[in-house]
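Down below is the structure, laid out as structure tokens.
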Amino acid sequence: MKNIIEFKDVSKYFGSLKVLDGLNLEVGAGEKLALIGPSGSGKTTILRILMTLETIESGLITVEGKPLWHEKVNETLVPASEAHLQKMRQIIGMVFQQFNLFPHLTALSNIEQPQILVRKVTKEEAREKAANLMDLVGLEDKKDHYPHQLSGGQQQRVAIARALAMDPKIMLFDEVTSALDPELVDEVLSVLKKIATTTDTTMLTVTHEMNFAREFADRILFFDKGQIVEQGLPEGIFTNPKEPRTRGFLKKYITGLT
Amino acid sequence: MNEVFIFWPIIIDGTLTTIKLTLASGVVALIISFTVGLARLSRHWVVRAIATIYLEFFRGTSAIVQMFFMYFVLPLLGVFLPALMAGIVACGFNLGAYGSEVVRASVQSVGREQREAAKALNYTNFQLYRHVLIPQAIPVMIPSFGNLVIELLKLTAVASLITISDLTFMSQIIRVQTALTLEPLILIMVIYFILSSILVSGTKWLERYFSAGRNIHKSGGN
Ligand SMILES: Nc1ncnc2c1ncn2[C@@H]1O[C@H](COP(=O)(O)OP(=O)(O)O)[C@@H](O)[C@H]1O
Ligand SMILES: [Mg+2]
């Protein structure tokens with residue numbers, strides 16, 4: 001499997017706080033990753049860096065073999081220009097914990113507008129794709145609703161459809177069910193599973209839903225303090241974690257683990 | 001009071017001039033509000049600096065002095081503005097300075113998560129403003145703009161000082177011709193009050209129009 005994402009010795013600071021500490025990570029094309037770990041361990045930061053919402057202080061990230069935060073000018077790497085970042089963003093999409101839908105647009109328009117503005121498709125094409133995606137996420141009857149007229153779970157499904165409409169090769173999901181009432185979590189997770197099984201999109205998912213992670217992921221990464229403490233197949237990590245920190249963390253979620 | 005009412009043609013004239021002055025300088029003020037307000041949010045410091053100087057100058061010097069400048073000083077420099085034009089420009093430039101602060105603050109009030117969502121969808125900076133921030137900022141602007149347009153209506157009264165025959169100017173004519181003071185002034189106060197009431201209900205209507213079906217403050221994402 002070819003790597004679609006590579007982090008080489010990446011560090012990130014917020015002021016004097018070191019949030020990522022010499023991180024190395026390789027993600028294969030089409031791989032489904034679940035990122036787990038305690039709050040504040042840097043999981044969100046990794047996704048935000050990939051989405052170009054945060055910069056890095058040192059190290060190199062490549063996406064599809066091209067440096068993300070740098071570009072080559074006369075064979076030397078310099079910080080990326082806005083034009084370069086815009087090219088790279090075409091490859092990546094993100095779904096946020098708080099949905100971040102556009103409140104002044106209907107559900108359908110939320111999915112149409114970025115296609116028209118960014119992918120330059122026709123109105124008809126955008127509308128058709130938006131309608132299909134509303135079907136896919138089970139909201140065919142909510143097309144003309146504004147975000148505030150939808151439940152959290154429905155809003156999040158629209159947000160997922162909006163990200164999908166841009167045809168990203170890599171999708172980032174940051175605790176997409178954490179803001180939802182418990183009874184709405186499953187409807188969102190089942191959409192993620194559907195995407196995982198029906199597309200070859202590379203997916204990086206930060207989650208606290210361990211049963212979901214186990215079913216969904218090809219590989220689990222356990223983070224603590226800006227480092228990957230342990231990684232491996234779901235079976236291994238969830239039944240027999242090697243690192244005491246992983247075990248300590250998972251004990252809160254998995255009964256029977258000692 | 002009857003002596004006053006025989007002057008009704010010039011009272012209507014004056015009222016129409018006041019309305020014209022308010023509407024025309026309102027359009028000027030609106031254009032300046034958006035231009036200067038958005039320029040104050042520019043990524044380029046030169047643009048920000050120019051906009052800030054504009055704002056501080058027109059907010060910091062009196063509207064009457066600005067109007068006198070345009071009517072009495074510009075001709076000395078070879079620029080001749082008709083009185084009405086000088087009044088429109090002075091009122092518009094002055095109110096535009098205040099309006100630019102409304103635009104800037106309203107655009108900034110749209111949450112950071114909206115900017116991030118647009119960035120994640122790969123919107124350009126222009127698309128971010130045009131399709132995400134400004135549409136959400138407009139409903140926030142309307143109540144403040146409503147207050148400003150009433151300020152503007154009152155501000156147009158100073159235009160009578162540069163010979164514009166607005167409502168205030170006409171009341172002075174009646175006063176001189178009839179030697180009555182109370183009646184003409186009460187009359188124009190009533191007319192100003194009616195005009196501002198119309199502006200208030202217009203603002204209320206716009207507020208309802210923009211919040212219908214899409215209440216931004218109740219939405220998710222915050
Ligand atoms: N914008 C920011 N400014 C300062 N510190 C931040 C910022 N964003 C995150 N942090 C800090 O960085 C660390 C990692 O945060 P985050 O990546 O959100 O962790 P996680 O998603 O694993 O909970 C935390 O200590 C957090 O407080
Ligand atoms: Mg987080």
Side-chain angles (χ1 to χ4, degrees), chain A residues 47-48 50-54 82-83 85-106 109-120 144-156 158-159 162-168 171-172 174 179-180, chain B residues 34 38 41-48 102-103 105-145 206-222:
Chain A
L47 300 194
R48 289 174 57 82
L50 278 170
M51 195 62 257
T52 73
L53 298 173
E54 302 284 356
E82 181 58 27
L85 291 175
Q86 271 188 15
K87 256 188 232 129
M88 299 306 285
R89 277 186 212 119
Q90 291 173 4
I91 310 170
I92 307 168
M94 180 161 180
V95 182
F96 299 86
Q97 186 172 346
Q98 299 292 340
F99 334 133
N100 299 6
L101 290 176
F102 299 136
H104 59 298
L105 300 178
T106 62
S109 301
N110 261 280
I111 308 173
E112 275 172 16
Q113 188 185 75
Q115 296 182 67
I116 296 168
L117 295 180
V118 179
R119 294 185 50 236
K120 313 286 183 202
D144 297 322
H145 285 55
Y146 284 92
H148 77 274
Q149 298 168 314
L150 299 172
S151 74
Q154 292 168 337
Q155 289 187 56
Q156 192 59 292
V158 174
R162 180 176 70 172
L164 278 175
M166 307 305 281
D167 287 334
M171 293 260 280
L172 312 171
D174 188 16
L180 303 178
Chain B
F34 273 86
L38 293 175
L41 297 169
S42 169
R43 282 176 298 183
H44 307 288
W45 72 266
V46 185
V47 178
R48 282 201 309 275
V102 172
V103 171
S106 307
V107 169
Q108 279 182 323
S109 78
V110 180
R112 190 187 69 154
E113 75 285 346
Q114 290 289 312
R115 295 163 186 271
E116 293 188 342
K119 198 167 184 184
L121 292 163
N122 212 359
Y123 281 33
T124 62
N125 208 41
F126 175 80
Q127 290 168 336
L128 165 71
Y129 275 85
R130 165 69 185 79
H131 296 282
V132 178
L133 300 182
I134 293 174
Q136 291 183 58
I138 283 176
V140 182
M141 293 174 199
I142 286 177
S144 308
F145 273 156
L206 278 177
E207 268 176 65
R208 271 200 307 275
Y209 175 82
F210 275 105
S211 61
R214 41 180 182 175
N215 192 329
I216 283 171
H217 302 288
K218 264 191 276 170
S219 74
N222 306 301

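Below, all heavy atoms of this structure are taken into account, side chains as well, without hydrogens, waters or symmetry copies. Quick note on labels: first sequence line is chain A, next is B, and so on, each numbered from 1.
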Less than 4.5 Å to any heavy atom of chain B: does that hold for the side chain of A/Gln113, its backbone, both, or neither?
both
Here the gap from B/Arg115 atom CZ to A/Asn100 atom CG, rounded to the nearest 0.5 Å, amounts to 13.0 Å
For the residue pair A/Met51 and B/Ala120, what are the closest heavy atoms and their distance?
CE-O, 3.4 Å
Does any heavy atom of chain B fall under 4.5 Å from the side chain of A/Phe102, the backbone, both, or neither of them?
both
Closest heavy-atom contact between A/Thr52 and B/Lys119?
O-NZ, 3.6 Å
Honestly, the part of B/Glu116 sitting under 4.5 Å from a heavy atom of chain A is both
Measuring heavy-atom distances to chain B, does A/Arg162 have an atom under 4.5 Å in its side chain, in its backbone, in both, or in neither?
both
Report the distance from atom CD of A/Glu82 to atom CG of B/Asn125, rounding to the nearest 0.5 Å.
7.5 Å
Given that the side chain runs from C-beta out, which part of A/Ile92 has a heavy atom under 4.5 Å from chain B: side chain, backbone, both or neither?
backbone
Closest contact, heavy atoms only, A/Pro114 versus B/Leu121
CG-CD1, 4.0 Å
Under 4.5 Å heavy-atom distance to chain B, tell me which part of A/Gln97 shows up: side chain, backbone, both or neither.
neither
Tell me, side chain or backbone of B/Arg130 under 4.5 Å from chain A's heavy atoms, or both, or neither?
neither
I'd like to check A/Val118 versus B/Gln127 (side-chain heavy atoms, cut-off strictly below 4.5 Å). Are they in contact?
yes
Restricting to non-hydrogen atoms, name the atom on A/Gln86 and the atom on B/Asn122 that form the minimum distance, rounded to 0.1 Å.
O-ND2, 2.8 Å
